[in-house]
There are 2 protein chains.
Amino acid sequence: MSTRQRILDTALESFGTTGVDGTSLDALARELGLRKQSILYYFNSKNALFQAVVDEAANEFIDELDAVISDVDPRDVWAQVEGAVRVVFRLALQRPALLGLLREASRPGSMVAVQLSTRLAVHIDAAQHALENALQEGRVLGGNARLLLFSLYSTIMGVATEVEVLRAMGIEPSLRTLAERRQELLRFLRVALVPV
Amino acid sequence: MSTRQRILDTALESFGTTGVDGTSLDALARELGLRKQSILYYFNSKNALFQAVVDEAANEFIDELDAVISDVDPRDVWAQVEGAVRVVFRLALQRPALLGLLREASRPGSMVAVQLSTRLAVHIDAAQHALENALQEGRVLGGNARLLLFSLYSTIMGVATEVEVLRAMGIEPSLRTLAERRQELLRFLRVALVPV
DNA sequence: TCTTCTGTCTACCAATTGGTAGAACAGCGG
DNA sequence: CCGCTGTTCTACCAATTGGTAGACAGAAGA
């Protein structure tokens with residue numbers, strides 16, 4: 001794998017778990033068996049690296065979503081929601097750093113330096129239109145599609161990343177726990193989203 | 001107001017908006033018209049200050065919740081949930097730094113140094129028991145009360161703090177927007193929580 | 001008046017931070 | 001063998017960080 005790609009991967013892992021401020025270029029380079037100057041050779045600044053990592057994470061996130069959702073009837077909003085929930089929960093288990101990074105990127109301070117990936121913005125637009133269609137046909141509750149979309153996003157995100165909160169309260173989340181949580185969330189969404 | 005209290009208040013504001021790592025003792029002191037050594041006179045370290053600020057924020061948060069919920073029939077779970085939602089949304093508008101700080105405190109890295117306030121833990125226990133009673137009487141969906149509680153918490157939190165995400169996407173949240181969001185969330189919760 | 005305690009200050013400090021300048025070195029085409 | 005290009009290195013650096021030591025001032029109490 002190219003050095004550049006190794007840097008991106010390791011940085012995603014570290015930024016997503018330890019946070020951007022909590023990760024020094026020095027420590028990152030040590031983990032890679034390099035000097036930090038080599039990192040700065042590929043990315044002009046730490047901020048540029050962060051931007052690149054966010055872009056990569058957003059792309060990976062969307063790829064996972066697309067892979068699942070593309071198998072589904074685009075008119076079946078509920079099936080799409082269910083697919084999205086499944087993806088997010090799987091990522092929470094298998095790629096926790098990825099979700100951590102997306103959360104890190106949407107923190108108040110970080111947004112100043114880093115714009116959300118273009119692809120993510122486009123994807124949100126598309127999802128918004130899909131929801132608007134569903135709304136017009138009366139298959140979903142709610143008025144403002146974009147706001148409803150954000151509601152879905154933050155609900156999924158919040159529930160999926162609460163693993164950390166559970167750990168902090170002394171509850172070690174198990175596979176079974178997460179499965180239960182997903183069931184509860186799906187029941188939540190199902191009752192709120194099914195045809196009126 | 002005592003200097004100690006002024007430090008706590010300013011620190012909460014700064015930690016909650018700029019983040020802990022993004023706030024230096026120097027900048028904090030400058031904002032207070034002091035030297036950072038004076039801060040360290042009251043709090044032995046930056047971490048101790050953060051711990052104190054988290055405790056204060058948790059207390060304030062719980063006070064707000066208690067004030068609303070104590071007016072409600074303790075057996076009426078739905079009324080309590082509605083009250084909690086109202087409180088969180090009001091805080092999102094009037095004391096955004098407070099919610100920001102609670103989110104900051106539940107970040108992966110921060111929890112290492114800072115335990116959740118004891119009072120918050122006790123409060124969560126109480127809420128858990130209330131939910132369990134409701135579950136036994138069959139007035140609410142769901143199985144595990146503690147998990148359901150976390151679901152409620154993260155859902156409310158996620159939706160309320162998505163103001164930042166909206167801003168990042170170029171949507172300036174208005175009072176009306178937030179009111180709509182609250183309505184949507186309440187509809188969400190109502191349908192999911194009302195007697196089966 | 002002398003002492004003591006509280007609070008704020010000046011003066012430092014060691015460590016770490018992100019970042020720059022430029023040497024060394026490898027491989028490769030000519 | 002030469003020069004070129006891409007990559008990694010050593011050597012620095014200025015700035016900032018959290019934190020320590022101790023002087024100094026003022027108020028309070030004896």
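Note that these values count all heavy atoms, side chains included, but never hydrogens, waters or copies made by symmetry. Here is how names work: the chains are called A, B, and so on, in the same order as the sequence lines, proteins then strands, and each is numbered from 1.
- The side chain of Ser24(A) contributes an N or O atom lying less than 4.0 Å from OP1 or OP2 of dT17(C).
- Between Thr3(B) and the phosphate of dG7(C), there is no side-chain N or O to OP1/OP2 separation shorter than 4.0 Å.
- Phosphate proximity of dT7(D) to Tyr41(A): present, with a side-chain N or O under 4.0 Å from OP1 or OP2.
- By the 4.0 Å N-to-carboxylate-O rule, Glu60(A) lies close enough to Arg95(A) to be salt-bridged with it.
- One atom, CZ of Phe43(A), and another, P of dT7(D), lie 12 Å apart when rounded to the nearest Å.
- Arg30(B) has its CZ atom 17 Å from the C1' atom of dC9(C), to the nearest Å.
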Exercise. Applying side chain to side chain contact (heavy atoms under 4.5 Å, CB included), run through Leu8(B) and Phe43(B) and close with a yes or a no.
Key: CA-CA 10 Å; Leu8(B) 277 176; Phe43(B) 306 92; 3.8 Å; yes
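- At the heavy-atom level, Leu40(A) lies under 4.0 Å from base atoms of the strands shown.
- Residue Lys36(B) places a side-chain atom within donor-acceptor reach of the base of dG19(D), judged by atom type and a 3.5 Å distance cut-off alone.
- The CG-C1' distance, from Leu28(B) to dT16(D), rounds to 16 Å in whole Å.
- Gln51(A) places its CD atom 18 Å from the C1' atom of dG18(C), with the value rounded to the nearest Å.
- Rounded to a whole Å, the CG atom of Leu32(A) is 16 Å from the C1' atom of dC9(D).
- Between dT8(C) and Tyr42(B), a contact under 4.0 Å exists linking OP1 or OP2 to a side-chain N or O.
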Exercise. Step by step, work out the side chain to side chain contact (heavy atoms under 4.5 Å, CB included) result for Val20(B) and Asp21(A).
Key: CA-CA 10 Å; Val20(B) 181; Asp21(A) 290 325; over 6 Å; no
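- Between Lys46(A) atom NZ and dT16(C) atom P there is a gap of 15 Å when expressed in whole angstrom units.
- Rounded to an integer number of Å, the gap from Gln37(B) CD to dC13(C) P is 14 Å.
- Donor-acceptor pairing under 3.5 Å is lacking for the side chains of Gln51(A) and Glu56(A).
- Toward the 5' end of DNA chain D, the nearer of the two residues Leu34(A) and Ala27(B), judged by each one's closest nucleotide, is Leu34(A).
- Counting to the nearest Å, the P atom of dG19(C) and the CG atom of Leu25(A) are 7 Å from each other.
- For the pair Asn44(A)/Leu49(A), no side-chain contact is recorded, criterion being any heavy-atom separation below 4.5 Å from C-beta on.
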